[in-house]
Amino acid sequence: MSSREFVYSKFCEYYRDSQTTIPAPVLPEQREFAYLLFKERFMVRHKRFEKISSFKQTLSEIVPSDVYHSCAYYENPDFDMDKKGWLGADLVFDIDADHIPTTCNKIHDEFKCAKCGFSGRGITPEACPVCEGMKFETKTWPCDLCIQSAREETAKLIDILTEDFGFAMDELRVFFSGHRGYHVHVEDEAVRSLDAMARKEIVDYVCGLGLAILDKEEKEKKGKKRGSKGFMLHDYGWNRRLKVGMYNFLLKASKEDLKEVGLKTSATALIKNRESVLKRCINEGRWESVPGVSVQTWRKIAEYVRENQSSKIDTVVTTDIHRLIRMNGTLHGKTGLKKIEFPARELEDFDPFTGAVAFKTGTAKVLVSSAPEFRIGGQTLGPFKNQTVELPVAVAVMLICKGRAEVAP
Ligand SMILES: [Zn+2]
Ligand SMILES: [Zn+2]
C-alpha cells in the first residue's frame, strides 16, 4: 500500500465511522460547503446542503482531505459568487504559528521556491527574494512551542474581545485548527452584518494599529507640540493595555531588556529611579517627572509594549466576508488531527496533541526520514532519522502528511 493510500484509508475509516461526530454550523442551509479532493487535489466549491446529514453522507462517500464551509450566510449558497446574495458572516479570527515569529521555526520549518528553487528556514516569505515567485513548497512542524505561542496570541485576542469589545466568554467559540493554531468565532447577530471595512477596523484594534498616542504624524497634523500633554493614558481600552503593560515591563526590566526597546542613556535613569518611575510617571501620569526619562522614551516603551500586547492574527481571514473556514470535527489534511471546539475558558488546559487526535487505535510501520522529538496522545516520541519504526496510527498519519515518513515496505 502506498503512503497516500494508507492515509486515505484512515480518513475513510474516520468519515465512515458512526462514532464520528461532525457538528453542524449555525444555519447550515445558508452556508457554502467546500472540500478538497484527496487524489486530484482539486477544490470542490459552492455546494449547498439543506440538511447536514446529507453533507455527512457526501463526506463518507467522497472522503476529502480537507473540508470547509463559508463564514458567510447566503440566500443561494450554491450560486456563483456574485449571485449568492450575501446575508451576513460570522466574525472569524485565525491564529496560526505560520504567522508568529517563534524561536523554533528556524529549526523545523523550511521553504523552497517552486519556480527557482531558492530555499531557506523559518517563516515562508510572501515573495521569493530571488525570482519574486509567490509559490513555495513548505515543510513545517506543529511543535509544542509553536502551539504555545499560538495559544498566547489567542489568549490576548480573547482578552481584547471580552474586556474591550464586551463579548461574553460564552459567546466566543474557540477551536483548535487541526494544525498549528486556533480559530475564534463570534457568531452573535450583532456582528453578522459588519462589512469588510468594519472588520478591518476590528483587525486594526486587535493589532493595536493607528493608536493616536503613538501616531506622530497624527499629532503633527493637529499641530500639537511634543510634550507630556501629548502623552496621556486613560484607564480603558488600549490606553489601559499600554499602561498595565509598561508597568509590568518596567517592574522587572533589565538593562538588556531596555536596550532591546532601543533605549540607551534613559535606561540608566529608568533603572536607578525604578520606584519613582512606576509611582509618579505611570500611576500618577506625570510622565516627565523623572529626570532623564522623556516623552520620547515613553513613546519607545509604549511601542514595544504595543507590539507585545497585540494579538498576531491572520488579518486577511477576518476581513474576508466570503471566507471559507475549516469545518468543526473534520480532519486536517496536513496532520490527520481534527478541528475541535473547546470552551474559551479552557484554552490553557486544552491539549491539542491529545484532544484533537482522531485515530485512537492500531499501529503502522513507517520509514521516517526525519522528525524532531514530539508528543502525541500522551506519548513522547522521536527524534527519528532514517529509521523504520512501528508507531500509533495517529503518529504514522501525521508523519506521512508532513512529508517525513513513508509506509515501510
Ligand atoms: Zn524563486
Ligand atoms: Zn515550533
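Just follow the structure's listing: the first ligand is 1, and inside any ligand the first atom is 1. No hydrogens, no waters, no symmetry mates; every other heavy atom, side chains included, goes into these values. All values derive from a computational prediction rather than experimental measurement.
Identified under the ring-ring contact (aromatic ring centres under 6.0 Å, His included) test for residues 355-398, with sequence neighbours left out: W141-F374.
Classification of the H322-W86 ring pair by plane angle, with boundaries at 30° and 60°, yields perpendicular.
Partner of E110 under the salt bridge (Lys or Arg N to Asp or Glu O under 4.0 Å) criterion, out of K139, R121, K402, R404: R121 alone.
Dense packing is recorded around CD of E390, with more than 12 heavy atoms of other residues, nucleotides or ligands lying under 6.0 Å away.
Remark: K47 fails to qualify as a cation-pi partner of Y35 under the 6.0 Å distance and 45° angle criteria applied to the six-membered ring. For the pair R31 and Y73, the cation-pi test (distance below 6.0 Å, angle within 45°) is passed.
Nearby protein atoms of type N, O or S around the Zn ion (ligand 1) amount to 4 (distance under 2.8 Å).
In terms of the ring-ring contact (aromatic ring centres under 6.0 Å, His included) criterion, F42 has no residue partners (sequence neighbours excluded).
At least one donor-acceptor pair closer than 3.5 Å links the side chain of N273 to the backbone N or O of A269. The closest donor-acceptor contact from the side chain of S177 to the backbone of H183 lies at 3.5 Å or more, if one exists at all.
Distances under 2.8 Å from the Zn ion (ligand 2) pick out the protein N/O/S atoms C104 SG, H108 NE2, C143 SG, C146 SG.
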